[in-house]
Amino acid sequence: MTTEAMATPTGAVGRLARVAPGLSALLGYRRADLPHDLIAGLSVAAVALPVGVAYAQLAGFSPVVGLYVSILPLVAYALFGTSRQLIVGPDAATCALVAAAVAPLAAGDEALYLSLSITLAALAGLFCIGASFLRLGALADFLSKPILIGFLNGISLHILAGQLGKLFGFPVEAHGILPKLVEIVSQIGQTHWPTLAVGAGTFAVLALSARLLPRLPAALVALVVAGLVVALLGLDSRGVAVVGAVPAGLPELKLPHFSLDLLDDLAGAAAGLALVSFSSMMLTARSFAAKNRYEIDVDREFAALGAANLAASLSQGFAISGADSRTAMADASGGRTQITGLVAAATIAIVLLFLTEPLRYVPIAALGAVLIMASFSLLDIRTLAELYRLDRREFALSLLATVGVIWVGAIQAILVAVILAVLRFVQVTSRPRIEILGKAEGLSGFHSVARHPGATTEPGLMMFRFNAPLVFFNAPYFKQQALAAIAAAGPDLRWFALDAMPLTQVDVTGYDALKSLSQTLRERGAELVVAGRQTETAEWRSAKGLSDSPIAARHFPTLRRTLHAYRELRAAADHSATGPDVEQVPGSADEREESRTSFDTDEH
């Protein structure tokens with residue numbers, strides 16, 4: 001048996017590996033990777049512990065729930081994911097969305113809040129798995145980067161506004177970014193100064209730790225220092241709110257209980273949550289895959305995120321996503337495989353079983369400071385400035401997505417982001433660039449005469465390019481622009497040559513537009529000619545039963561072949577009109593010979 005055959009899983013194991021890609025990596029694990037993965041896993045756990053505690057607060061839960069959802073989801077992703085570095089777990093944007101979706105439905109009922117959150121995570125997981133079976137991984141590209149950046153900027157402001165009250169030591173009851181800010185300003189006189197001092201000190205430790213102790217997770221150092229200060233000075237007895245007792249052990253499995261009338265609201269929120277968390281996760285996964293020179297499977301990543309969310313639901317927790325900071329830590333610490341995630345999960349489980357007592361002294365203000373710093377990491381002003389320089393329309397779309405979060409809230413803003421994405425898609429594809437082509441001196445092929453003022457066109461021949469598929473929502477625009485070009489060409493037009501290469505798809509409406517255009521040209525004494533996609537067009541017409549209804553009598557493989565054929569036709573017409581002794585100027589003998597021999601190899 002060859003080495004290759006031994007390395008390939010067979011039988012039941014092979015089938016399981018196709019369902020769970022991570023299993024293949026585990027079965028073929030190299031011992032040389034273990035020291036690197038162990039160190040990286042411990043480093044990831046050091047970041048995940050304080051972040052999990054803080055993000056649980058953001059999602060509206062006891063800190064221990066943040067640890068619950070930092071264990072099983074890592075195991076699930078290790079089995080089903082295709083990224084070697086990606087770490088999943090509580091995520092600032094996802095937690096903010098969970099709180100925004102569940103809080104209005106729970107109306108202050110803690111048991112109902114937990115049940116709804118568990119169900120939301122399960123529904124989001126099922127949506128992700130269903131999308132994977134339908135091969136909808138391309139949805140990761142649906143929310144364009146400008147729209148996603150704008151949305152996350154809005155979520156950043158949403159988190160910031162929600163944590164300011166914890167820093168000042170008073171509750172904030174208002175919903176929405178602007179109402180919260182108004183309430184904070186109105187209550188500023190009620191500031192609890194010891195709490196504010198703890199929060200400000202936490203910011204200082206976060207900043208100093210990043211400079212003086214770059215190898216240690218700043219959030220972990222800050223929370224340890226804040227907890228020690230509270231414990232030593234007895235600040236909890238002076239009104240500084242703390243986490244309090246954290247139960248040790250693993251969560252008890254409970255089925256969620258809630259009114260089925262709320263299921264529709266949860267399903268809508270879960271679908272939006274699945275789309276946003278997957279799009280955000282893929283930005284992280286793709287960037288680290290590119291850095292480490294390997295490929296990921298977006299459809300399987302959808303399933304892996306779904307499995308991780310189902311695991312979070314079984315953990316009696318909330319929905320999770322890809323985690324930027326923990327993934328960066330895994331990569332920077334030398335993690336090579338998803339064993340890193342398994343080591344991190346085991347470490348967090350040990351802490352949860354035996355080391356929860358110190359968590360009681362962690363001040364809520366310190367958690368708020370950590371979350372505010374996390375919100376700053378989501379705020380991407382640099383990319384926004386780059387968008388302003390590159391494309392003002394994309395910049396405006398990004399700002400609209402941010403305004404959507406501020407104006408209508410995080411959950412409703414998902415719909416705003418989707419609508420913006422659809423509008424952007426329609427705008428790009430329904431009004432594509434139109435080009436009249438000609439020959440530019442010193443350049444091979446054919447080029448836009450608008451971009452090359454010196455380009456020349458053949459008298460009586462117009463080469464027309466429509467840079468998009470010809471379908472129902474742009475067919476009227478195509479016809480309008482084509483008729484305008486025909487009118488501008490004047491009565492001398494004989495051939496209207498349509499470049500078919502950009503027409504990757506033509507639907508029934510597009511076909512009707514071509515038929516109408518062909519009829520208009522015939523009435524003017526001209527002819528519609530098609531260049532490119534000759535075989536595809538013939539197969540499409542045959543499949544649709546349109547073989548006896550040609551749009552164009554002449555179809556050539558390339559634009560160059562079209563030009564040569566036109567010159568030959570004009571030369572033959574001139575020869576017939578003037579007699580055999582007249583010199584044939586249009587189309588030299590060399591060109592005519594080339595037109596007979598160069599079909600598929602010509603530059604289009």
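As the structure is a computational prediction, the values presented were derived from the model and not from experiment.
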Can you check whether [X] reaches [Y] side chain to side chain, under 4.5 Å on heavy atoms?
{"X": "Leu67", "Y": "Leu359", "answer": "yes"}
{"X": "Arg326", "Y": "Pro217", "answer": "no"}
{"X": "Leu384", "Y": "Thr402", "answer": "no"}
{"X": "Lys145", "Y": "Thr383", "answer": "yes"}
{"X": "Asp299", "Y": "Leu136", "answer": "no"}
{"X": "Leu139", "Y": "Phe302", "answer": "yes"}
{"X": "Leu250", "Y": "Leu353", "answer": "yes"}
{"X": "Ile155", "Y": "Phe151", "answer": "yes"}

[X] atom [atom1], neighbour heavy-atom count above 12 within 6.0 Å:
{"X": "Glu110", "atom1": "CD", "answer": "no"}
{"X": "Leu255", "atom1": "CG", "answer": "no"}
{"X": "Phe425", "atom1": "CZ", "answer": "no"}
{"X": "Phe395", "atom1": "CZ", "answer": "yes"}

Would you say [X]'s side chain and [Y]'s backbone share a donor-acceptor pair under 3.5 angstrom?
{"X": "Gln338", "Y": "Ser83", "value": "yes"}
{"X": "Ser398", "Y": "Gly150", "value": "yes"}
{"X": "Gln85", "Y": "Ala330", "value": "no"}
{"X": "Tyr29", "Y": "Leu34", "value": "yes"}
{"X": "Ser313", "Y": "Ile118", "value": "yes"}
{"X": "Ser70", "Y": "Gly66", "value": "yes"}
{"X": "Asn309", "Y": "Ala319", "value": "no"}
{"X": "Thr119", "Y": "Ser115", "value": "yes"}
{"X": "Ser117", "Y": "Tyr113", "value": "no"}
{"X": "Ser287", "Y": "Leu283", "value": "yes"}

Sequence-distant partners of [X], salt bridge (charged side-chain N to carboxylate O under 4.0 Å, His left out), two or more places apart:
{"X": "Asp331", "answer": "Lys291"}
{"X": "Glu357", "answer": "Arg360"}
{"X": "Glu183", "answer": "none"}
{"X": "Asp33", "answer": "Arg30, Arg336"}

May I have the list of side-chain donor-acceptor pairs in residues 367-374 shorter than 3.5 Å, sequence neighbours left out?
none

Measuring from [X]:[atom1] to [Y]:[atom2], what's the distance to the nearest 0.5 Å?
{"X": "Leu420", "Y": "Leu415", "atom1": "CG", "atom2": "CG", "answer": "9.5 Å"}
{"X": "Leu160", "Y": "Leu164", "atom1": "CG", "atom2": "CG", "answer": "5.0 Å"}
{"X": "Ser277", "Y": "Ile320", "atom1": "OG", "atom2": "CD1", "answer": "8.0 Å"}
{"X": "Glu301", "Y": "Ser132", "atom1": "CD", "atom2": "OG", "answer": "9.5 Å"}
{"X": "Asn153", "Y": "Leu399", "atom1": "CG", "atom2": "CG", "answer": "9.0 Å"}
{"X": "Leu120", "Y": "Asp265", "atom1": "CG", "atom2": "CG", "answer": "11.0 Å"}

side-chain hydrogen bond (donor to acceptor under 3.5 Å, both in side chains) partners of residues 94-106, not counting sequence neighbours, each pair once: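 Those involving residues 94-106 are Asp91-Thr94.
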
Geometric class of the Phe61/Phe318 ring pair [parallel <30°, tilted 30-60°, perpendicular >60°]: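 Because their plane-to-plane angle is under 30°, the rings of Phe318 and Phe61 count as parallel.
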
Check against side-chain contact (heavy atoms from CB on, under 4.5 Å), Met281 and Thr284: CA-CA 5 Å; Met281 184 183 89; Thr284 303; 5.7 Å; no

Check: Asp37/Thr337 side-chain N/O donor and acceptor closer than 3.5 Å: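 Looking only at side-chain atoms, Thr337 and Asp37 do form a donor-acceptor pair, the distance falling under 3.5 Å.
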
